[in-house]
Student: 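Okay, handing you the structure first.
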Amino acid sequence: MRAINAEVSYLLERMERGVRALDVEAIRDAANRAREMSAMLDDSLKDKVDSAIDQARKAARDIVRRIEKNGEDKAIVMLDIQRGFIESARIAFLDMSETQAVES
C-alpha cells in the first residue's frame, strides 16, 4: 500500500508541475497513470484523486483551447486555471506519507 500511495503522490505532483508549466502532455500522462492507480485506493482517497484528475484534465483542455488555439497570454490563462483539487489531493498523500514515516 505504501508503494501505491507513493506512486499516486508522485503522479499528483507531476500533474501539478505540468499545470504550472502549461505542459499538456505531462498533465495528461500523469492523469492517465493516476487513473489506473486510483482503482487500488480506498473510496475516500479515490474520490480525492479522481477530482484532482478531472481538474487536471480540464486544465489541459483549457491550455490547448486558450493558448494553443486562441493564442491567449499564458500568464492570464495560468491565473484562471483552478488547481485546488490537485493541491488538496497531493497534500492528503503527503500527510499520509509523513504519518506512515512517524509510525514506522
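Positions are given from 1 along the sequence.
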Student: Using the rule that Ile, Leu, Val, Met, Phe, Trp and Tyr join whenever any side-chain heavy atoms are under 4.5 Å apart, tell me whether Ile91 and Val49 fall into a single cluster.
Tutor: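 No, Ile91 does not connect to Val49 through the hydrophobic network.
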Student: After noting the C-alpha distance and the side-chain angles of Leu22 and Ile81, does the key distance pass the side-chain contact (heavy atoms from CB on, under 4.5 Å) rule?
Tutor: CA-CA 10 Å; Leu22 301 171; Ile81 291 176; 4.0 Å; yes
Student: Could you measure the distance from the NZ atom of Lys58 to the CZ atom of Arg83? Nearest 0.5 Å is fine.
Tutor: 13.0 Å
Student: For Gln82, does the CD atom have more than 12 heavy-atom neighbours from other residues, nucleotides or ligands under 6.0 Å away?
Tutor: no
Student: Rounded at 0.5 Å granularity, tell me how far CE in Met40 sits from CG in Leu45.
Tutor: 13.5 Å
Student: Take Asp54 and Arg35 through the side-chain contact (heavy atoms from CB on, under 4.5 Å) test and state the conclusion after the steps.
Tutor: CA-CA 10 Å; Asp54 292 343; Arg35 180 74 73 202; 3.1 Å; yes
Student: What distance do Arg14 atom CZ and Asp23 atom CG have between them, rounded to the nearest 0.5 Å?
Tutor: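 So the CZ of Arg14 and the CG of Asp23 are separated by 9.0 Å.
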Student: Determine whether Val19 and Val24 fall in the same hydrophobic cluster, where Ile, Leu, Val, Met, Phe, Trp and Tyr are linked whenever their side-chain heavy atoms lie under 4.5 Å apart.
Tutor: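 Yes: a chain of side-chain contacts under 4.5 Å links Val19 to Val24.
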Student: Taking Ile86's backbone N and O only, do any of them form a donor-acceptor pair with Glu16's side chain (distance below 3.5 Å, no angle check)?
Tutor: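 A pair under 3.5 Å: no.
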Student: In Å, rounded to the nearest 0.5 Å, how long is the span from CD1 of Ile27 to CE of Met15?
Tutor: 9.5 Å
Student: Please report the C-alpha distance between Val8 and Ser38 in whole Å, then the side-chain angles of each, then the deciding distance to 0.1 Å, and finally whether the side-chain contact (heavy atoms from CB on, under 4.5 Å) criterion is met.
Tutor: CA-CA 8 Å; Val8 172; Ser38 73; over 6 Å; no
Student: How far apart are the closest heavy atoms of Ala92 and Lys48, and which atoms are they?
Tutor: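 Looks like CB-CD, 4.0 Å.
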Student: Of all the heavy-atom pairs spanning Tyr10 and Arg17, show the shortest one and how long it is.
Tutor: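 Of all heavy-atom pairs spanning Tyr10 and Arg17, the closest is CE1-NH2, 4.1 Å.
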Student: For the atom pair CG (Asn32) and CZ (Arg28), what is the distance rounded to the nearest 0.5 Å?
Tutor: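 Here the rounded value is 9.0 Å.
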Student: Hey, could you give me the CD1/NZ distance between Ile63 and Lys74, rounded to the nearest 0.5 Å?
Tutor: 10.0 Å
Student: Ignoring hydrogens and angles, tell me if any N or O in the side chain of Ser9 forms a donor-acceptor pair with the backbone of Asn5 under 3.5 Å.
Tutor: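 No, Ser9 side chain to Asn5 backbone: no donor-acceptor pair under 3.5 Å.
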Student: Starting from the C-alpha separation in whole Å, work towards a yes-or-no answer on side-chain contact (heavy atoms from CB on, under 4.5 Å) for Leu41 and Phe93.
Tutor: CA-CA 11 Å; Leu41 299 171; Phe93 277 87; 3.9 Å; yes
Student: Shared ILVMFWY cluster between Met78 and Val64, side chains joined below 4.5 angstrom?
Tutor: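 Shared cluster, yes.
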Student: Between Ala26 and Gly18, which heavy-atom pair has the shortest distance, and what is it?
Tutor: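 The answer is CB-CA, 4.3 Å.
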Student: Strictly below 4.0 Å, N to O, side chains only: are Arg65 and Asp62 in salt-bridge contact?
Tutor: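 Salt bridge between Arg65 and Asp62, a charged N being under 4.0 Å from a carboxylate O: yes.
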Student: Would a distance-only check, ignoring hydrogens and angles, find a side-chain to backbone donor-acceptor pair under 3.5 Å from Asn70 to Glu72?
Tutor: no
